[in-house]
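Structure first, commentary second.
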Amino acid sequence: MAANALYYGDNLEVLRKKLKDETIDLCYIDPPFNSKRTYNQIYNNIGTEDRAQSQAFIDTWTWDDIAIEGYQEILSNDAGRFSKQTVELIKGLDNVLGKGSLLAYLISMALRVTELQRVLKSTGSFYLHCDPTAS
């Protein structure tokens, strides 16, 4: 990892492929909140009435192949990266919530928070921005 580097892409892939254990002082994430909305970026043309927009991101989660893959990764824990508590939490959430959008979202978050914990120094800080939708 280069000092003061900026990475673009899925943070799970960057965390797993670019960052070594206990190398980060500060982690701040502002993930989607499972709001079930599509967000657009609006561009204003200065001096004209034209307004253009493009899709920024979709905050809708579904129980799909990505969720299933993450679920199986956590439960199998082949690489030993997940704590026993994380594995049991996901099992318990499956029993309570069932396989749906909220579990898919929480699995996505569990994968990422586990990697963030790995790369964070023991003296580091972690900030998670959340809202009532899925907190």
Side-chain angles (χ1 to χ4, degrees):
M1 177 188 88
N4 299 317
L6 177 64
Y7 297 98
Y8 178 80
D10 183 338
N11 66 352
L12 184 59
E13 184 177 335
V14 171
L15 286 162
R16 288 183 172 174
K17 294 182 179 179
K18 304 282 185 184
L19 302 177
K20 296 179 182 173
D21 295 359
E22 298 186 33
T23 55
I24 303 298
D25 292 305
L26 173 66
C27 293
Y28 170 84
I29 61 172
D30 185 1
F33 300 132
N34 196 26
S35 65
K36 299 177 180 35
R37 293 180 51 201
T38 297
Y39 293 89
N40 296 312
Q41 172 66 46
I42 298 174
Y43 301 94
N44 291 325
N45 293 335
I46 297 174
T48 68
E49 295 290 323
D50 294 335
R51 293 169 61 98
Q53 59 181 310
S54 66
Q55 184 174 295
F57 68 95
I58 299 172
D59 189 14
T60 302
W61 299 81
T62 57
W63 189 257
D64 58 10
D65 290 344
I66 295 170
I68 293 167
E69 184 179 307
Y71 179 77
Q72 291 171 343
E73 180 183 342
I74 293 169
L75 266 53
S76 69
N77 202 15
D78 291 337
R81 68 172 36 120
F82 303 101
S83 68
K84 180 180 178 187
Q85 291 87 351
T86 299
V87 174
E88 292 304 315
L89 175 63
I90 294 301
K91 286 180 185 177
L93 288 169
D94 181 18
N95 289 333
V96 173
L97 300 173
K99 292 176 177 68
S101 65
L102 184 54
L103 185 59
Y105 174 80
L106 294 171
I107 287 169
S108 175
M109 290 299 297
L111 293 169
R112 286 155 176 80
V113 169
T114 296
E115 290 301 321
L116 288 167
Q117 182 180 11
R118 178 188 63 77
V119 302
L120 192 64
K121 291 179 182 177
S122 62
T123 56
S125 297
F126 172 55
Y127 293 89
L128 169 62
H129 182 155
C130 53
D131 82 339
T133 307
S135 349

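Remember, it's a predicted structure, so these values are computed and weren't measured experimentally.
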Inset, instruction - Might you work through the side-chain contact (heavy atoms from CB on, under 4.5 Å) test for Glu69 and Leu111, ending with a clear yes or no? - result: CA-CA 11 Å; Glu69 184 179 307; Leu111 293 169; over 6 Å; no

Do you know the tightest heavy-atom contact between [X] and [Y]?
X	Y	value
Pro31	Tyr105	CG-OH, 4.2 Å
Ser101	Trp61	CB-O, 2.9 Å
Leu116	Cys27	CD2-SG, 3.7 Å
Ile90	Leu103	O-CD1, 4.4 Å
Arg118	Leu15	NH2-O, 2.7 Å

Are there more than 12 heavy atoms of other residues, nucleotides or ligands under 6.0 Å from atom [atom1] of [X]?
X	atom1	result
Asp65	CG	no
Glu73	CD	yes
Glu88	CD	yes
Ile66	CD1	no

[atom1]-[atom2] distance between [X] and [Y], expressed to the nearest 0.5 angstrom:
X	Y	atom1	atom2	answer
Phe82	Ile74	CZ	CD1	5.0 Å
Lys99	Thr62	NZ	OG1	14.5 Å
Leu12	Thr114	CG	OG1	9.5 Å

Inset, instruction - Start with the C-alpha distance between Ile29 and Met109, add both sets of side-chain angles, then the distance that settles side-chain contact (heavy atoms from CB on, under 4.5 Å), and finish with yes or no. - result: CA-CA 10 Å; Ile29 61 172; Met109 290 299 297; 4.1 Å; yes

Legend entry - Beyond-backbone contact of Trp63 with Ile107, side-chain heavy atoms, under 4.5 angstrom: yes

Inset, instruction - Using a 4.5 Å cut-off on heavy atoms from C-beta on, say whether the side chain of Leu106 contacts that of Leu97. - result: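 Counting from C-beta outward, Leu97 and Leu106 do come under 4.5 Å.
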
Legend entry - Any residue meeting side chain to side chain contact (heavy atoms under 4.5 Å, CB included) with Tyr127, in chain and number order, not counting sequence neighbours: Leu26, Tyr28, Ser125

Inset, instruction - Keeping the roles fixed (side chain from Asp64, backbone from Ile68), state whether a donor-acceptor pair exists under 3.5 Å. - result: no

Legend entry - Arg112/Glu115 salt bridge by N-O under 4.0 Å criterion: no

